[in-house]
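To start, the structure itself, in structure tokens.
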Amino acid sequence: MAAVVALLCCAGAFTGGGIWFFRTVQGTTAPARNAATAYLDDVRDGNHPAAYGRLCEQLRSQLTEEEFARARAAEPPLGGYRITATEVSSSTDSQSRAEVTVTAAGRQQVLTLVEEDGDWRVCGGI
């Protein structure tokens with residue numbers, strides 16, 4: 001009987017630890033994933049001003065909103081997409097970065113996001 005109780009306690013701790021780990025990872029990756037989804041939805045919907053507003057400061061300093069809109073309009077429509085992976089890390093300069101893997105039209109692409117002033121912004125792979 002004691003062995004069964006011990007086994008149930010270990011299983012409960014493992015399950016609880018797994019749930020805690022899943023929620024921690026999900027809580028870390030969800031904001032970056034949500035930002036990538038919002039950007040992709042804006043691109044898909046042709047809302048170029050909103051998509052441009054979701055770019056990082058570095059990209060916006062290199063590309064005007066009009067240039068961005070022209071470039072996006074020249075691309076084939078996005079249509080459906082699926083986010084297949086999200087990885088978040090902190091670099092040595094203390095800036096959080098994320099890589100969001102997107103599958104659209106049968107090909108994979110990685111969007112790079114950075115955290116600026118508490119918001120995740122697309123900064124590569126556009």
Side-chain angles (χ1 to χ4, degrees):
M1 181 68 171
V4 171
V5 171
L7 180 61
L8 289 175
C9 286
C10 288
F14 178 74
T15 302
I19 291 170
W20 172 84
F21 179 75
F22 174 78
R23 286 186 179 159
T24 300
V25 169
Q26 186 178 26
T28 302
T29 61
R33 182 184 189 99
N34 293 342
T37 298
Y39 170 78
L40 292 166
D41 287 349
D42 287 338
V43 168
R44 179 196 61 211
D45 297 343
N47 189 351
H48 299 131
Y52 180 81
R54 296 181 191 283
L55 298 179
C56 69
E57 196 173 305
Q58 178 188 355
L59 285 181
R60 287 184 311 217
S61 72
Q62 297 171 357
L63 189 66
T64 68
E65 186 176 327
E66 293 76 24
E67 291 169 331
F68 174 79
R70 262 194 313 274
R72 292 305 320 169
E75 294 284 324
L78 178 60
Y81 67 88
R82 189 174 59 125
I83 293 179
T84 57
T86 305
E87 295 181 30
V88 175
S89 64
S90 292
S91 63
T92 55
D93 61 1
S94 300
Q95 185 176 41
S96 294
R97 300 178 61 81
E99 289 187 350
V100 178
T101 305
V102 180
T103 302
R107 67 177 245 245
Q108 275 193 341
Q109 179 178 349
V110 176
L111 291 179
T112 302
L113 289 87
V114 296
E115 193 173 22
E116 293 178 342
D117 300 323
D119 292 323
W120 285 98
R121 302 214 172 262
V122 175
C123 208
I126 62 169

Tell me, yes or no, whether the heavy-atom count around Gln109 atom CD, taken from other residues, nucleotides or ligands under 6.0 Å, exceeds 12.
yes
Nearest 0.5 Å please: distance from the [atom1] atom of [X] over to the [atom2] atom of [Y].
X: Thr86; Y: Arg33; atom1: OG1; atom2: CZ; value: 4.5 Å
X: Cys56; Y: Gln62; atom1: SG; atom2: CD; value: 7.5 Å
X: Glu116; Y: Ser96; atom1: CD; atom2: OG; value: 11.5 Å

State, to 0.1 Å, how close Ala32 and Ala98 come at their nearest heavy-atom pair, and which atoms those are.
CB-CB, 3.6 Å
Salt bridge (charged side-chain N to carboxylate O under 4.0 Å, His left out) partners for [X], two or more places apart:
X: Arg54; value: Asp42
X: Arg60; value: none
X: Asp41; value: Arg44

Linked hydrophobic residues, Val100 as query - side chain contacts closer than 4.5 Å
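Its cluster mates, by chain and number, are Tyr39, Leu40, Val43, Tyr52, Leu55, Leu59, Leu63, Phe68, Leu78, Tyr81, Ile83, Val88, Val102, Leu111, Leu113, Trp120, Val122, Ile126.
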List for me each residue that meets side-chain contact (heavy atoms from CB on, under 4.5 Å) alongside Pro76, sequence neighbours excluded, and say none if there are none.
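Pro76: no side-chain contact (heavy atoms from CB on, under 4.5 Å) contacts found.
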Who passes side-chain contact (heavy atoms from CB on, under 4.5 Å) against Thr101, sequence neighbours left out?
Thr84, Ala85, Gln108, Val110
Pairs satisfying side-chain hydrogen bond (donor to acceptor under 3.5 Å, both in side chains), at least one member in residues 67-78, at least two apart:
Thr64-Glu67
Would you indicate whether the side-chain heavy atoms of Arg121 and Glu57 approach each other to under 4.5 Å?
no
